[in-house]
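Please read the structure below before turning to the comments.
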Amino acid sequence: MRITTSMLNETAKKTGIPINQNNLLSYLNNDEGVSDNTLLDALNKNNKVSSKATENYKKLEKSADRLKDAAQKLTADGEQSLYDKIRNSEEADKPKHQEELYSGIGSFLEQYNATLSELDKNAGPMNSYYKQMLKDTAKENSKALEDLGVTADEDGRLSLDMEKLKNASVDDIEKVFGKTGTFAVKSSILAERISDNAQVNAESYSSQYSAFGSLQSQIASKFDFWG
């Protein structure tokens, strides 16, 4: 829309602001004056970036929390030990406890892969570090995992051959996924740190989002000549 002299005059009457018509009219009708490089446009872009980053970090936090919970179920001891439940149960109850263990491992691997995916969506040195640490933890246990039917693809995502897992002994499964192993234990520790880091970043970006929104509103109100 082209800004006319009459429009400027009307605005001047409404606001009481003296306007140098030639200079302001030239600026408003100049392509550079209404380009994407204006302050409001820049604030709007930053607002969207902060909003998206907040959303991504919240998803990462949730994914890491689920991974930690899944790992802790596999590494629980005492009465909560999935392995002892199988070893100490009556024959009639063994299938139920075995299914609980297999399901727990499947859930753990699902959350492991989901956390890797969310780390990919959140660029930054810390997230790259945590992703590599997760992959290294699986790599350290690659032989034992393969014996249980767990293999990694080129991106580090893990897949499970359930039939092979079911043919493994409870003792062998516990050596990898139990509290005496390193895979689930280290994954749990990493998941907690990933979650904490994601929470801090989500709060930081959320604060920026609020600040940008407030500043944008203030600036917009100052330039709202037509209201």
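Excluded from the calculations below are hydrogen atoms, water molecules and symmetry mates; all remaining heavy atoms, backbone and side chain alike, are included.
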*Worked verdict on Ile189 versus Lys186 for side-chain contact (heavy atoms from CB on, under 4.5 Å)*: CA-CA 5 Å; Ile189 295 171; Lys186 283 187 176 181; 5.5 Å; no
_I need the Tyr102 OH to Met162 CE distance, nearest 0.5 Å._
8.5 Å
*Scan for salt bridge (Lys or Arg N to Asp or Glu O under 4.0 Å) pairs involving residues 93-107, sequence neighbours excluded, and state none if there are none.*
Lys85-Glu100
*Contacts of Lys59 that satisfy salt bridge (charged side-chain N to carboxylate O under 4.0 Å, His left out) - sequence neighbours left out*: Glu55
_Quick one: does any side-chain atom of Tyr83 pair with a main-chain N or O of Lys175 as donor and acceptor, under 3.5 Å?_
no
*Are Asn167 and Lys164 close enough that some pair of their side-chain heavy atoms sits under 4.5 Å apart?*
no
*asked:* Using a 3.5 Å distance criterion without hydrogens, assess whether the side chain of Asn141 forms a donor-acceptor pair with backbone atoms of Ala144.
replied: no
*Taking all non-hydrogen atoms of both residues into account, name the closest pair between Ala64 and Ile194 and its distance.*
CB-CG2, 3.8 Å
*Between Thr137 and Thr182, which heavy-atom pair has the shortest distance, and what is it?*
CG2-O, 4.2 Å
*From Ser103 OG over to Lys73 NZ, what is the distance, rounded to the nearest 0.5 angstrom?*
8.5 Å
*Criterion side-chain contact (heavy atoms from CB on, under 4.5 Å) on Phe177 and Ile105, from CA distance to verdict*: CA-CA 8 Å; Phe177 291 101; Ile105 291 174; 3.8 Å; yes
*Expected output: side-chain Ser188 to main-chain Ala184 donor-acceptor under 3.5 Å*: no
*Mind checking what makes ring pair (Phe, Tyr, Trp, His ring centres under 6.0 Å) contact with Tyr112, not counting sequence neighbours?*
Phe183
*Roughly how far apart are Leu82 CG and Ile173 CD1, rounded to 0.5 Å?*
10.5 Å
*asked:* Checking Asn113 now: which residues fulfil side chain to side chain donor-acceptor pair (under 3.5 Å) with it, not counting sequence neighbours?
replied: none
*Mind running side-chain contact (heavy atoms from CB on, under 4.5 Å) on Arg87 and Asp84 for me, showing each step along the way?*
CA-CA 5 Å; Arg87 282 189 286 254; Asp84 285 345; 2.9 Å; yes
*Residues in side chain to side chain donor-acceptor pair (under 3.5 Å) contact with Arg157, at least two apart in sequence or another chain*: Ser117, Asp120
*Are Lys135 and Leu116 close enough that some pair of their side-chain heavy atoms sits under 4.5 Å apart?*
yes
*Over all heavy atoms of both residues, which pair between Ser187 and Leu67 is shortest? Give the atoms and the distance, please.*
O-CD2, 4.3 Å
*For Asp196, enumerate each residue passing the side-chain contact (heavy atoms from CB on, under 4.5 Å) test, keeping only those at least two apart in sequence or located in another chain.*
Glu192
*Can you name the side-chain contact (heavy atoms from CB on, under 4.5 Å) partners of Asn127, sequence neighbours left out?*
Tyr57, Leu60, Leu119, Asn122, Asn197
*Could you state whether Val185 and Leu145 fall into the same hydrophobic cluster, counting links through intermediate Ile, Leu, Val, Met, Phe, Trp or Tyr residues with side-chain heavy atoms under 4.5 angstrom apart?*
no
*Answer yes or no: does atom NZ of Lys179 have more than 12 heavy-atom neighbours from other residues, nucleotides or ligands under 6.0 Å?*
no
*Search all heavy atoms of Leu74 against all heavy atoms of Gly104 and return the closest pair with its distance.*
CD2-C, 3.9 Å
*Quick one: pull up CD in Glu163 and CG in Leu165 and give me the separation to the nearest 0.5 Å.*
9.5 Å
_Listed partners of Met133 passing side-chain contact (heavy atoms from CB on, under 4.5 Å), at least two apart_ = Tyr129, Leu190
*From Gln80 atom CD to Gln72 atom CD, the distance as rounded to the nearest 0.5 Å*: 12.0 Å
*Tell me, please, which residues at least two apart from Glu61 pass salt bridge (charged side-chain N to carboxylate O under 4.0 Å, His left out).*
none
_Residues which pass side-chain contact (heavy atoms from CB on, under 4.5 Å) with Ser159, listed by chain and number, not counting sequence neighbours_ = Thr151
*Are Ser63 and Thr115 linked by a side-chain donor-acceptor pair shorter than 3.5 Å?*
yes
*Which value, rounded to the nearest 0.5 Å, describes the distance between Glu79 atom CD and Asn88 atom CG?*
11.0 Å
_Partner set under side chain to side chain donor-acceptor pair (under 3.5 Å) for Ser89, not counting sequence neighbours_ = none
*asked:* Under the rule for side chain to side chain donor-acceptor pair (under 3.5 Å), what residues qualify as partners of Asp147, not counting sequence neighbours?
replied: Lys143
*Could you tell me whether a side-chain N or O of Ser128 sits under 3.5 Å from a main-chain N or O of Gly124, the two making a donor and an acceptor?*
yes
*Would Val200 end up clustered with Met126 when hydrophobic side chains under 4.5 Å apart are linked, directly or stepwise?*
no
*So do Leu101 and Gln98 actually touch side chain to side chain, heavy atoms under 4.5 Å?*
no
